[in-house]
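Read through the structure below, which is laid out as structure tokens, and then see the notes.
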Amino acid sequence: MTYDFRKIEEKWQKFWAENQTFKAENNSQKEKFYVLDMFPYPSGAGLHVGHPLGYIASDIYARYKRHKGFNVLHPMGYDSFGLPAEQYAIQTGQHPAITTETNINRYREQLDKIGFSFDWSREVRTSDPSYYKWTQWIFIQLFNSWYNKDTDKAEDISSLIAIFEKEGNQSVNAVCDEDVAAFSAADWKAFTAKEQQEVLLQYRLTYLAETEVNWCPALGTVLANDEIVNGVSERGGHPVIRKKMTQWSMRISAYAQRLLDDLTMVDWPQPLKDSQTNWIGRSEGAEVTFRVKGREEVIDVFTTRPDTIFGVSFMTLAPEHELVAKITTSEQKEEVEAYIAATAKRSERDRMADVKTITGAFTGAFAEHPFSKEPIPIWIGDYVLAGYGTGAVMSVPCGDQRDYDFAKHFNIPIPNIFDGVDISEEAFADKEKTVIANSDFLNGLPYKKAVKRVIFELEKLEQGTGKINYRLRDAVFSRQRYWGEPFPVYYVDGMPQMIRAEHLPIVLPEVEKYLPTETGEPPLGNATVWAWDVKKSTVVNNQLIDHKTVFPLELNTMPGWAGSSYYFNRYMDPNNKEEVFSQEAITYWQDVDLYIGGSEHATGHLLYSRFWQKFMFDKGIVPKPEFAKKLINQGMITGTSAFVYFVVARFAKDKQFYIAVSKSAWGRVDEVIKNWRNTHPVNEKAFRYSILNRIHSPVEYVNSSDELDIESFRNDPMYSEFKDAIFIGEKGEVIKDNNDTYIVGREVEKMSKSKYNVVSPDNICQEYGADSLRLYEMFLGPLEQSKPWNTAGITGVHSFLKKMWRLFHGGDEGAFLVTDAEPTADNLKTLHKTIKKVEEDIENFSFNTSVSTFMIAVNELSAQKCSSKAILEPLTILVSPYAPHIAEELWSKLGHATSIVAAPFPKFEGKYLVESSKEYPISFNGKVRFKLELPADLSKEEIEAAVMTHDKTQEQLQGRTPKKVIVVPGKIVNIVG
RNA sequence: GCUCGAGUGGUGGAAUUGGUAGACACGUUGGACUUAAAAUCCAAUGGACAUUAGUCCGUGCGGGUUCAAGUCCCGCCUCGAGUACCA
């Protein structure tokens, strides 16, 4: 019997589905274990081999934990709201829900073929109303909460209202907007209902605020920084302007410190923690108030170096700073306005990218030094960002390189306030070595003491205070898109009102067009049935809006990260219609034990999810402040792209064609073209070739020797311009009748459809089977490292599976042949060293090395001609997390009626590995010269004696007396001298 | 620039605490089986020198510590990822 993997894999995939083998129970006496994958966005391109890498690893771990007796939760779902489906809808009119459904079905088919042990009864889709009902519900919870800094947690808004009614807002220690006006209890009571709502919005954890966005009028949408290139939209090249828009924001900044502190609670990769730490960007310092000479206004600055306050020789404001227009003198007005106009044209990205050019303008105004009362010139410069801190800095050129460069460029004095430091070449920023001088009461103090003292003095003057600043800013939560969660929000007199939870979900309305409206409203502005009737508690036609009982609904939708910020909790009880999840479910499952996914989500998904988790923890909805104990980043799989090099040759105005030039000929392309012209006379006057270029060729047209299949390439409609192209081969001559070959250029790039280098797992499943694919993806290398995809090695793991199959089969017909023979000592040794290694490997997520271990085990057992059930049965269990189909088949052939998945993992017993002798490497001055077999239980002295009396030792020494003999029992002997 | 990660044969990689560098595969070469191919099996395979025995070199580069360094320390180089003037 041969190894018929197609039949076997189909059989067991069907068996698992029919028997719901991987269904996890919410009530179990077993210990729980939750293994989670980052759920995919179902794109139209389907899965490529990079996707399953992490899924295979987590599946191995999940199956392993089942063997270890755990009740394992291993779910999968889809992050199914997103831009590509919407873009496709805009182009084709096809409803995104249909595209999404099609894509999900394709994903499911592909995932099923790989044999994952997902509990599909728990599948979630973020775009499904039964799911986003709870996304909307959480939004409402956030709206109805504020952050109390005294208790350091989120509380219900009612507790805030109670305080306002009793004593106004002066004693409230809350995270809120910067510019909240003070009011008393009497004031509060005198406010209109609308005024009260306006005040509360300044405290809510999700709130409406004016946010500056990159607005692209032509596309009618807001663009992310990286969708803008050189100030125009990446797609279409339309102008982009900075515009203020009222949008929902999430007060994630309230959680900045806890998000930072609790990183110590989780076992996540250090680089990932580092990038979250940097993103949160905590800095300690002081806020200092500078008076503006001769005016009412003051300038607040944040500084991490208040100790250098006597080194201030100018101040710099961001060009966007609101005071700029007020304080600029009439003489400087023209220059300042010109400068502001020039910087406004540059995107934030551009401004940041250009570090070398120093620009700025003097406002003509002066500030007053808080202590010396000296005048300080006020400048504006685009190295100061409006969005960070207060948008203004006190510039200390002797202590900060950017300030130093600015001062040098504009000839501003650079006073030195450091004792014994030369600042003629560059600024001095070493806090540890700082001793302050020329600074009045700070003279002679080191950094820390000076900071303390200066804050004390500033507080006395009421011109400053110690402050901790975070880079992390509140997250904008509105998107001007169609394919996202609608907000459960309607507007009464311009104030947002939440729809009551029992009326959720508010389902996405139908629209004619998925584009923004002509008046620039988001796509939901096209909906005709999109108004809220408070009497009927239902969505009704817009024409009924009367602002009495029928009100307009919110037109924005939620961002992609909304649905993905709590899905891991919803999996615990995904079909619950009454609650986001039952208390029983969350109490049993608690949190994720192992989360595997890409590192690109370090500061997006993984930060927002932690934020929502903490919020829900504060509200008593979840029992843990962190949602995932351990996280592993799987490495990226890179593909080898192929490039065809070509020139476009023109003979006359409208007569041109392509000349593709092979890789080594490309290096001397001019010479090659010249030679070609000598043999193909052309009109010298008209002829020119100008465009030297290269284009991605689909990798399937290139063989392993990098030779291009020219016919296929020519005939691919995607490359119609090469239909009649001339191909010049390696030798620099035109290719005809296979006289030469065309060699493509190769480059390793991220695997991506746009680079034509993707490899789908489907072909490999078809040709070699899912078990081969699973083993091979693991065999490629360490899970966390990025690695190139190359199918060349797949035959290795495939023939391993065949060898393993043969181990269980013998006799004339190759029938199943496993005996009850007593295992030999060698058999047991092979088995137990395999158990030990595989168990260690899985615990260390070192899946690549266990594949080698299996190969060694099967090679050894084959050589030992082992057919003993006592060996082969445990071996089958060891292999089963990696290659589950073949394992199930062999398991059933071994006589088991039930699935292998619950079989207990074999126990390692050290006694089988005890060796009676050890082959010692004998080295001289660190170089191994020969090996010596010695009994394992010899003492150091006995080993030394045995080695020194050996002939070969004497031969090596040639009469010399060794200076020293190092004996490490069980390891090595080294003779020095 | 900063932060993090990596650099080992023709290729993917192994060496878990400093102790026999190159496990396990792929590829290549030779052989067996076959009319042939596929499949399978066997052997060789880091480089140089050498008939053999063996010798020398060798984990990005330069130093160092050690009886012993891919592994530890110092200084560099290259590649990859992330980040963006954060006051």
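Values reported hereafter were calculated over all heavy atoms of this structure, with side chains retained and with hydrogens, waters and symmetry mates removed. Below, read A as the first sequence line, B as the second, and so on, with proteins coming before strands; counting in each chain starts at 1.
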_Taking only side-chain N and O atoms of R471(A), does any of them lie within less than 4.0 angstrom of OP1 or OP2 on rU83(B)?_
no
*Which residues, if any, of residues 847-858 of chain A bring a heavy atom under 4.0 Å of RNA chain B?*
N848(A), T849(A), S852(A), M855(A), I856(A)
*Using atom P of each nucleotide, how far apart are rG62(B) and rC57(B) to the nearest Å?*
14 Å
*asked:* Here's a test of your reading of the structure: between D841(A) and G796(A), which maps to the more 5' nucleotide of RNA chain B?
replied: D841(A)
*Has N859(A) got a side-chain N or O lying under 4.0 Å from the OP1 or OP2 atom of rA25(B)?*
yes
*Stretch residues 390-398 of chain A: residues that reach within less than 4.0 Å of RNA chain B through a heavy atom*: V393(A)
*asked:* Does any part of the side chain of Y3(A), heavy atoms only, come nearer than 4.5 Å to the side chain of D771(A), both counted from C-beta?
replied: yes
*Tell which nucleotide pairs with rC26(B), taking only Watson-Crick or G-U wobble pairs whose two distances are both under 3.5 angstrom.*
rG10(B)
*When the P atoms of rG9(B) and rA14(B) are considered, how many whole Å apart are they?*
13 Å
_When the C1' atoms of rC24(B) and rC72(B) are compared, how many Å lie between them, rounded to an integer?_
28 Å
*Are side-chain heavy atoms of Y768(A) and T795(A) found at a separation under 4.5 Å?*
yes
*Give the ring-plane orientation class for Y383(A) versus F406(A), where under 30° counts as parallel, over 60° as perpendicular and anything between as tilted.*
tilted
_Under-4.0 Å side-chain N/O to phosphate OP1/OP2 contact, R806(A) with rA39(B)_ = no
*Among rA14(B), rA87(B), rU20(B), the nucleotide that comes nearest once only the side chain of V928(A) is considered*: rU20(B)
*Using the C1' atom on both, measure rA25(B) against rA15(B) and round to a whole Å.*
16 Å
*Is there side-chain contact between F314(A) and I378(A), with at least one heavy-atom pair below 4.5 Å?*
no
*What nucleic acid atoms does P782(A) come within less than 4.0 Å of, heavy atoms only: base, sugar-phosphate, or nothing?*
sugar-phosphate
_Watson-Crick or G-U wobble mate for rA15(B), both contacts under 3.5 Å_ = none
*Using the C1' atoms only, state how far rG22(B) lies from rU71(B), rounded to an integer number of Å.*
15 Å
*asked:* Between rU16(B) and K837(A), counting only base atoms on the nucleotide and side-chain atoms on the residue, is there a donor-acceptor pair under 3.5 Å?
replied: yes
*Only one of D382(A), V384(A), T359(A) forms a side-chain contact (heavy atoms from CB on, under 4.5 Å) with P319(A), so which one is it?*
D382(A)
*Indicate whether OP1 or OP2 belonging to rU40(B) is found under 4.0 Å from a side-chain N or O atom of K802(A).*
yes
*Return the nearest nucleotide to the side chain of Q785(A); candidates are rG19(B), rG12(B), rA6(B).*
rA6(B)
*asked:* Can you tell me the base-pairing partner of rG1(B)? Count Watson-Crick or G-U wobble geometry only, both distances below 3.5 Å, and say none if there is no partner.
replied: rU83(B)
*What nucleotide, of rU40(B), rA87(B), rA6(B), holds the atom closest to the side chain of R402(A)?*
rA87(B)
_Residue pair M778(A) / I56(A), side-chain heavy-atom distance below 4.5 Å_ = yes
*rC26(B), rA68(B), rA87(B): which one has an atom nearest the side-chain heavy atoms of S799(A)?*
rC26(B)
_Selected nucleotide, minimal atom distance to I972(A) side chain, candidates rG19(B), rU16(B), rC24(B)_ = rG19(B)
*Can you check whether E284(A) reaches T304(A) side chain to side chain, under 4.5 Å on heavy atoms?*
no
*Any side-chain donor near an acceptor of the partner, T830(A) and Q864(A), under 3.5 Å*: yes
*Do W379(A) and M315(A) come close enough that some side-chain heavy atom pair is under 4.5 Å?*
no
*The side chain of Y383(A) lies closest to which of these nucleotides: rC67(B), rA87(B), rC85(B)?*
rC85(B)
*For D841(A) and S850(A), work out which heavy atoms get closest and say how close.*
OD2-N, 3.1 Å
*Mind checking who rA50(B) pairs with, Watson-Crick or G-U wobble, both distances under 3.5 Å?*
none
*Write down the distance between CZ (R473(A)) and P (rA84(B)), rounded to a whole number of angstrom.*
10 Å
*asked:* Taking only the C1' atom of each, what is the distance from rC26(B) to rU45(B) in whole angstrom?
replied: 13 Å
*Pick the nucleotide of RNA chain B nearest each of K803(A) and D400(A); which residue has the one closer to the 5' end?*
K803(A)
*Where the side chain of P271(A) is concerned, which of rC4(B), rA87(B), rC67(B) is the nearest nucleotide?*
rC4(B)
*Using the glycosidic torsion, which applies to rG12(B): syn (within 90° of 0) or anti (everything else)?*
anti
*How many angstroms lie between atom CD1 of I972(A) and atom CD1 of I943(A), to the nearest 0.5 angstrom?*
12.0 Å
*asked:* Side-chain N or O of S923(A) versus OP1/OP2 of rA68(B): is the shortest distance under 4.0 Å?
replied: no
*Roughly how far apart are Q463(A) CD and I309(A) CD1, rounded to 0.5 Å?*
8.5 Å
*What nucleic acid atoms does E840(A) come within less than 4.0 Å of, heavy atoms only: base, sugar-phosphate, or nothing?*
base
*Whole Å only: how far is the CG atom of L807(A) from the P atom of rU40(B)?*
16 Å
*Watson-Crick or G-U counterpart of rA21(B), or none if no pair lies under 3.5 Å*: none
_Taking the minimum atom-to-atom distance to the side chain of T795(A), which one of rA25(B), rG19(B), rG27(B) wins?_
rG27(B)
*With the threshold set at 4.0 Å, does a side-chain nitrogen-carboxylate oxygen contact exist between K833(A) and E860(A)?*
yes
*asked:* Starting the side chain at C-beta, find the nucleotide from rG82(B), rU83(B), rC56(B) nearest to W279(A).
replied: rU83(B)
*With a 3.5 angstrom cut-off on both distances, give the Watson-Crick or G-U wobble partner of rC41(B), or none if there isn't one.*
rG31(B)
*Please state the C1' separation for the pair rC86(B) and rG60(B) - nearest whole angstrom.*
35 Å
*Measure from the side chain of F779(A), starting at C-beta and using heavy atoms only, and say which of rC24(B), rC4(B), rA68(B) lies closest.*
rC24(B)
_Paired nucleotide for rG75(B) [Watson-Crick or G-U wobble; both distances under 3.5 Å]_ = rC61(B)
